[in-house]
Amino acid sequence: MEPIYEGKAKRLFETDNPNELRMEFKNDATAFDGKKKASFDDKGRLNAAISNLIYGMLEERGVPTHFVKALSDTEVIVKKVDILMIEVIIRNVAAGSFCRRTGTDEGWEFSEPIVEFSIKDDELGDPLINEAYIRELKLATADEVAHLKKAALEVNDILIEFFQKAGLRLVDFKLEFGRLAEDPSVIVLADEISPDGCRLWDLKTGEKMDKDRFRRDLGGVMESYAEVLKRATHAIENRD
Ligand code: C5P
């Protein structure tokens, strides 16, 4: 069966249900808009497990997502959506492109979370944009943008607390949203939440436990992802 979409880390397939898709997590890893590539045994399974655990928790907390159910170790059934061509980035602590852009050191905590938007386009290098760009490019309506910001901050609150219980500091992360195929007036959280798209630092040691290990050739990439899964599972099992 041919995928209807193949991205850098996932493939999407049709199912018998016109409103649902099968999403498969791949072992491929990319960084720097696809310029750096590698493959890691078990990455698909680890990211699927971490992401499913988080989406299940978010659904329980009332956040609408595309998640329907896990199908296998690396496959998930998701609601079909029309993905918004906007990446929503939430930053709690200075790191990555924020530091490059502002010439500051990483690691200082913001007084409030920063929500920023970029165009989902590797060829352009996912450029940073603002709400006026979104309006003029017709990437989303003003109401949708207001919804994205509110939803992203809600997810941030839930995830900060969750990862803290897992002994991890949520530095920053990327979210993607989509309009439901079944009802385009409804926007849900889509894509995945895993160490591929989040910066997670060990609360005690500050050690990087995310894709920066791959980006910066720090080694132990899958060991860190496995540790994130172990701690996240423990945090879920021991929640109040
Ligand atoms: O690179 P930058 O500092 O802008 O990334 C912010 C956060 O968003 C990081 O956690 C990174 O992993 C994530 N991100 C992503 N996909 C992108 C851009 C950023 O997952 N295309």
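Atoms within each ligand, like the ligands themselves, are counted from 1 in listed order. Just the heavy atoms: all of them, side chains too, but no hydrogens, waters or symmetry mates, feed the values below. Values in this document were obtained by computation on a predicted structure and should not be read as measured data.
Between D41 and M222 there is no side-chain heavy-atom pair separated by less than 4.5 Å. Taking 4.5 Å as the limit, some side-chain heavy atom of K36 sits within range of a side-chain heavy atom of D217.
Judged as a side chain to side chain donor-acceptor pair (under 3.5 Å), the pairs with a partner in residues 75-87 (not counting sequence neighbours) are, in order, R22-E75, S72-E75.
Residue contacts with ligand 1 for D33 are absent, since no atom lies close enough (heavy atoms, distance under 4.0 Å). With a 4.0 Å heavy-atom cut-off, ligand 1 is reached by no atom of K120. Proximity of D172 to ligand 1, defined as any heavy-atom pair under 4.0 Å, is shared by backbone and side chain alike. Under 4.0 angstrom from ligand 1, the non-hydrogen atoms of C198 all belong to its backbone.
Of all atoms in ligand 1, listed by their number and element, those nearer than 4.0 Å to a heavy atom of D196 are 12 (O), 20 (O). Residue contact check: G96 has heavy atoms under 4.0 Å from atoms 3 (O) of ligand 1. Interface atoms of ligand 1 facing R199, defined by a heavy-atom separation under 4.0 Å, are 1 (O), 2 (P), 3 (O), 5 (O), 6 (C), 9 (C), 10 (O). Each of the atoms 6 (C), 8 (O), 19 (C) of ligand 1 lies under 4.0 Å from some heavy atom of I89. Under a 4.0 Å criterion applied to the non-hydrogen atoms of F173, ligand 1 contributes the atoms 8 (O), 10 (O).
Checking only distances, R100 never comes within under 3.5 Å of ligand 1, N or O to N or O. The shortest N or O to N or O distance between R91 and ligand 1 is under 3.5 Å.
Atom 4 (O) of ligand 1 has S97 OG, 2.5 Å as its closest protein atom, hydrogens excluded (heavy atom only). The protein non-hydrogen atom at the shortest distance from atom 17 (C) of ligand 1 is E87 OE1, 3.3 Å.
The side-chain contact (heavy atoms from CB on, under 4.5 Å) with R179 is formed by just one residue from the set V186, V188, I187; it is I187.
In this comparison of R215, K174, K211, the heavy atom closest to atom 11 (C) of ligand 1 sits on R215.
Atom CD of E6 has more than 12 neighbouring heavy atoms from other residues, nucleotides or ligands inside a 6.0 Å radius.
In summary, the aromatic rings of F110 and F98 are positioned with their centroids under 6.0 Å apart. Less than 6.0 angstrom separates the ring centroid of F40 from the ring centroid of F214.
N92 contributes no side-chain N or O that, together with a main-chain N or O of D172, makes up a donor-acceptor pair within less than 3.5 Å.
Residues I77 and L180 do not share a hydrophobic cluster, clusters being chains of Ile/Leu/Val/Met/Phe/Trp/Tyr side chains in contact below 4.5 Å.
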